[in-house]
Amino acid sequence: MKKIFLVLLLFFSMTVSAQAVDGTVNVASSFSVQATADRLEIIMQKKGLTVFNRIKHSEGAKLAGIDLRKTELLIFGNPVVGAPLMKCQQTVAIDLPQKMLVWEDKDGKVWITYNSPQYLRDRHTISGCDKIIAKLEKILASISLSASTE
């Protein structure tokens with residue numbers, strides 16, 4: 001019981017404190033960029049999400065002669081969640097499928113960053129779909145928390 005409480009406390013404190021003004025959520029990871037992205041991909045697949053692509057931006061930058069800290073983007077989704085959201089407001093499709101960025105900052109700290117569902121709601125003036133937005137928030141927070149902690 002105590003362990004569950006601590007996990008929930010950590011989950012909610014990360015989710016609340018991770019919200020940023022620019023509409024993204026940033027979650028600190030205890031793992032390297034590659035390990036975090038690997039964990040994300042496995043968790044997404046276990047949850048029935050399709051991982052459409054995994055882009056290693058830092059490797060692409062290297063081909064262009066640019067030194068970029070480790071940076072990977074996972075593009076994923078599931079029509080069970082995305083289609084109802086698009087039905088609420090079709091323009092949200094420009095921001096779907098979902099994306100999670102895994103990156104290393106200048107201090108070597110690894111982060112998972114994704115668009116806040118509240119940001120998507122506001123950006124696309126979505127109304128009457130609070131349950132879908134809440135479901136999306138829960139899914140994204142759960143995935144990022146599971147991938148970033150032991």
Side-chain angles (χ1 to χ4, degrees), residues 6-61 66 68-150:
L6 290 173
V7 169
L8 288 173
L9 180 63
L10 175 64
F11 170 77
F12 286 113
S13 67
M14 286 178 67
T15 304
V16 172
S17 66
Q19 293 288 352
V21 177
D22 66 358
T24 60
V25 176
N26 297 295
V27 178
S29 178
S30 302
F31 304 99
S32 69
V33 169
Q34 182 170 339
T36 301
D38 290 345
R39 291 170 63 94
L40 279 171
E41 190 167 5
I42 290 166
I43 292 163
M44 289 171 182
Q45 290 170 347
K46 284 182 180 177
K47 290 190 175 283
L49 300 169
T50 300
V51 177
F52 298 109
N53 206 346
R54 183 167 164 181
I55 301 166
K56 297 183 179 187
H57 286 301
S58 43
E59 289 181 11
I66 298 169
L68 180 66
R69 290 184 300 272
K70 296 285 184 187
T71 307
E72 292 193 32
L73 180 72
L74 285 87
I75 302 170
F76 64 97
N78 184 321
V80 171
V81 177
L85 192 57
M86 286 184 273
K87 187 170 181 171
C88 292
Q89 178 55 274
Q90 237 172 325
T91 61
V92 77
I94 193 79
D95 289 313
L96 299 177
Q98 286 287 325
K99 294 169 277 309
M100 282 194 175
L101 180 67
V102 184
W103 57 285
E104 183 181 275
D105 70 15
K106 62 183 168 83
D107 298 320
K109 183 75 182 150
V110 174
W111 298 91
I112 299 171
T113 300
Y114 60 90
N115 283 327
S116 161
Q118 296 298 324
Y119 164 76
L120 296 177
R121 183 200 66 207
D122 296 345
R123 177 177 177 183
H124 298 283
T125 59
I126 299 171
S127 61
C129 294
D130 293 340
K131 287 182 182 178
I132 297 167
I133 295 291
K135 180 178 182 177
L136 184 56
E137 280 181 317
K138 184 178 176 184
I139 291 167
L140 296 174
S142 171
I143 291 168
S144 62
L145 179 64
S146 295
S148 64
T149 59
E150 299 216 23

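Bear in mind that the values here come from a model prediction, so they are computed numbers and not experimental data.
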CA sep, side-chain torsions, deciding dist, call: Glu137, Val25, side-chain contact (heavy atoms from CB on, under 4.5 Å):
CA-CA 10 Å; Glu137 280 181 317; Val25 176; over 6 Å; no
For Asn26 and Ile112, what are the C-alpha separation, side-chain angles and deciding distance, and is it a side-chain contact (heavy atoms from CB on, under 4.5 Å)?
CA-CA 6 Å; Asn26 297 295; Ile112 299 171; over 6 Å; no
Kindly determine whether Trp111 and Asp105 satisfy side-chain contact (heavy atoms from CB on, under 4.5 Å), including the steps that lead there.
CA-CA 8 Å; Trp111 298 91; Asp105 70 15; 3.0 Å; yes
Ile139/Ser142 under side-chain contact (heavy atoms from CB on, under 4.5 Å): CA gap, chis, key distance, verdict
CA-CA 5 Å; Ile139 291 167; Ser142 171; 5.9 Å; no
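The line from CD of Gln45 to CG of Leu40 is 11.0 Å long, rounded to the nearest 0.5 Å. The line from CZ of Arg121 to CD1 of Ile133 is 7.0 Å long, rounded to the nearest 0.5 Å. Note that OG1 of Thr24 is 7.0 Å distant from CG of Asn115, once rounded to the nearest 0.5 Å. With rounding to the nearest 0.5 angstrom, the CG atom of Leu145 is 9.0 Å from the CD1 atom of Ile43.
Side chains of Gln98 and Leu120 form a contact here, defined as non-hydrogen atoms less than 4.5 Å apart. Between Trp103 and Thr113 the shortest side-chain heavy-atom distance falls below 4.5 Å. Side-chain contact check for Ser32 versus Lys70: every heavy-atom pair is 4.5 Å or farther apart. Two residues are said to be in side-chain contact when any heavy atoms from C-beta on lie closer than 4.5 Å; Phe31 and Arg39 meet this criterion.
Annotation for Pro117 and Leu140: closest pair CG-CD1, 3.8 Å, computed over non-hydrogen atoms. Here the shortest heavy-atom pairing between Leu68 and Ala61 reads CB-CB, 3.8 Å. Of all non-hydrogen atoms in Pro97 and Lys99, the two that sit nearest each other are O-NZ, 3.3 Å.
The stretch residues 140-150 participates, sequence neighbours left out, in no salt bridge (Lys or Arg N to Asp or Glu O under 4.0 Å) pair at all.
Between the side chain of Thr71 and the backbone N or O of Arg69, at least one donor-acceptor pair lies under 3.5 Å. Side-chain atoms of Thr149 do not come within 3.5 Å of backbone N or O of Ser146 as any donor-acceptor pair.
For the salt bridge (charged side-chain N to carboxylate O under 4.0 Å, His left out) test, no residue two or more places apart in sequence or in another chain qualifies with Asp130.
Ion pairing between Asp95 and Arg123 holds under the 4.0 Å rule for side-chain N and carboxylate O.
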May I have the list of side-chain donor-acceptor pairs in residues 72-89 shorter than 3.5 Å, sequence neighbours left out?
| residue | atom | partner | partner atom | Å |
| --- | --- | --- | --- | --- |
| Glu72 | OE1 | Arg54 | NE | 2.6 |
| Glu72 | OE1 | Arg54 | NH2 | 3.0 |
| Asn78 | OD1 | Val80 | N | 2.8 |
| Asn78 | ND2 | Gly48 | O | 2.9 |
| Gln89 | NE2 | His124 | O | 3.3 |

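Donor-acceptor pairing under 3.5 Å is lacking for the side chains of Ser148 and Ser29.
In the displayed structure, Lys109 atom NZ is contacted under 6.0 Å by more than 12 heavy atoms of other residues, nucleotides or ligands. More than 12 heavy atoms of other residues, nucleotides or ligands sit less than 6.0 Å from atom NZ of Lys56.
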